[in-house]
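Working notes, beginning with the structure itself.
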Amino acid sequence: MKTLVLIGSRRKNGSTATKAQQLAHTLDPSGQQTTVHFVDDLKVAPCCGCNYCRKIAGCSQKDDAEEVIQEIIGSEAVIIASPVYFGTLSGQMKILCDRLYPLYRGGGKSLISGKKLYLVYTQHSNCDTYSEVRKANEDYLFRFLGFDLVKTVVVGSDGEKSY
Ligand SMILES: Cc1cc2nc3c(=O)[nH]c(=O)nc-3n(C[C@H](O)[C@H](O)[C@H](O)COP(=O)(O)O)c2cc1C
C-alpha cells in the first residue's frame with residue numbers, strides 16, 4: 001500500500017519514529033511504496049492565516065508543505081506520528097497540520113475524503129492520559145480535513161493501546 005509517514009519528532013531512533021515505522025511495515029511490508037518524512041527535515045513555515053487557500057486552491061507560501069500535500073493526495077494511507085508535548089502534538093507537527101488547511105475545501109468537502117489515516121502518539125504518561133485531547137484532534141483536525149481515521153496507536157509508560 002502506498003504509504004506516507006510523517007514523523008513529528010526529531011529523534012530518528014526515538015519511540016515515535018520506531019512505532020511509526022513498525023506500523024508502516026505492516027501496511028507496506030516491502031517498504032518500496034513507503035515515503036518517510038521527519039518534519040524537522042522539511043522546510044515548513046507556520047500558516048500565515050492569509051486565507052489564500054479559502055479563495056484559491058493551493059497555498060500562498062511556497063515551501064515543502066505543498067509537496068507534503070501532493071504526497072498525501074497521492075498516498076493510499078498516511079501515518080501521522082507525534083510525541084506528546086504538553087498534552088498534545090509536538091509543535092513541528094502542529095505547524096505542518098495547520099498548513100494542511102488547503103486540503104479542506106469548505107462545506108464539508110475535502111481533497112482527501114476517505115483517505116486512510118493512522119495516528120501514532122508516544123508519551124511518558126499512561127496510555128489513557130490525554131484521551132480528550134486526542135479526541136479533539138481526531139474530530140476538529142484530522143476528520144475535519146477529510147481523513148478517514150482507521151486507527152490511533154498510543155505508546156505510553158504502561159505499554160501500548162490501539163483504538
Ligand atoms: C517538550 C516536551 C514535552 C513533553 N510533554 C509531555 C506530556 O505532556 N506528557 C507526557 O506524557 N509526556 C511528555 N513528554 C515526553 C514525550 O512525549 C515522550 O518521551 C515521547 O515518547 C518522546 O518521543 P521520541 O522518543 O520520539 O522523542 C514531553 C517531552 C518533551 C521533550
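In each ligand, atom 1 is the first atom listed, and ligand 1 is the first ligand listed. The first residue in the sequence is number 1, and the count goes up from there.
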Under 3.5 Å side-chain donor-acceptor pair for Y121 and S82: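 Distance-only check fails for Y121 and S82.
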
Which pairs of N or O atoms, one from ligand 1 and one from the protein, are separated by less than 3.5 Å, and what is the distance for each pair?
unit_1: ligand 1; atom_1: 5 (N); unit_2: V84; atom_2: O; d: 3.4
unit_1: ligand 1; atom_1: 5 (N); unit_2: F86; atom_2: N; d: 2.9
unit_1: ligand 1; atom_1: 8 (O); unit_2: F86; atom_2: N; d: 3.1
unit_1: ligand 1; atom_1: 8 (O); unit_2: G87; atom_2: N; d: 2.9
unit_1: ligand 1; atom_1: 8 (O); unit_2: Y130; atom_2: OH; d: 3.4
unit_1: ligand 1; atom_1: 9 (N); unit_2: Y130; atom_2: OH; d: 2.7
unit_1: ligand 1; atom_1: 11 (O); unit_2: H124; atom_2: N; d: 3.0
unit_1: ligand 1; atom_1: 11 (O); unit_2: S125; atom_2: N; d: 2.8
unit_1: ligand 1; atom_1: 11 (O); unit_2: S125; atom_2: OG; d: 2.7
unit_1: ligand 1; atom_1: 12 (N); unit_2: H124; atom_2: N; d: 3.2
unit_1: ligand 1; atom_1: 14 (N); unit_2: V84; atom_2: O; d: 3.3
unit_1: ligand 1; atom_1: 17 (O); unit_2: V84; atom_2: N; d: 3.4
unit_1: ligand 1; atom_1: 17 (O); unit_2: V84; atom_2: O; d: 2.6
unit_1: ligand 1; atom_1: 17 (O); unit_2: T122; atom_2: O; d: 3.4
unit_1: ligand 1; atom_1: 21 (O); unit_2: S15; atom_2: OG; d: 3.0
unit_1: ligand 1; atom_1: 21 (O); unit_2: T122; atom_2: OG1; d: 2.9
unit_1: ligand 1; atom_1: 23 (O); unit_2: S15; atom_2: OG; d: 3.4
unit_1: ligand 1; atom_1: 23 (O); unit_2: T16; atom_2: OG1; d: 3.3
unit_1: ligand 1; atom_1: 23 (O); unit_2: T122; atom_2: OG1; d: 3.2
unit_1: ligand 1; atom_1: 25 (O); unit_2: R11; atom_2: NE; d: 3.4
unit_1: ligand 1; atom_1: 25 (O); unit_2: R11; atom_2: NH2; d: 2.8
unit_1: ligand 1; atom_1: 25 (O); unit_2: S15; atom_2: N; d: 2.8
unit_1: ligand 1; atom_1: 25 (O); unit_2: S15; atom_2: OG; d: 3.1
unit_1: ligand 1; atom_1: 26 (O); unit_2: S9; atom_2: OG; d: 3.1
unit_1: ligand 1; atom_1: 26 (O); unit_2: T16; atom_2: N; d: 3.1
unit_1: ligand 1; atom_1: 26 (O); unit_2: T16; atom_2: OG1; d: 2.6
unit_1: ligand 1; atom_1: 27 (O); unit_2: S9; atom_2: OG; d: 3.3
unit_1: ligand 1; atom_1: 27 (O); unit_2: R11; atom_2: NE; d: 2.8

For the student: nearest non-hydrogen atoms of S15 and T122, plus distance: OG-OG1, 3.5 Å

Shortest non-hydrogen contact from D28 toward M1: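 Heavy atoms of D28 and M1 come nearest at CB-O, 3.5 Å.
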
More than 12 heavy atoms of other groups within 6.0 Å of R10 CZ: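 12 or below, so no.
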
Flag if over 12 foreign heavy atoms under 6.0 Å of NZ, K109: no

Within one Ile-Leu-Val-Met-Phe-Trp-Tyr cluster: L96 and F142, side-chain cutoff 4.5 Å: yes

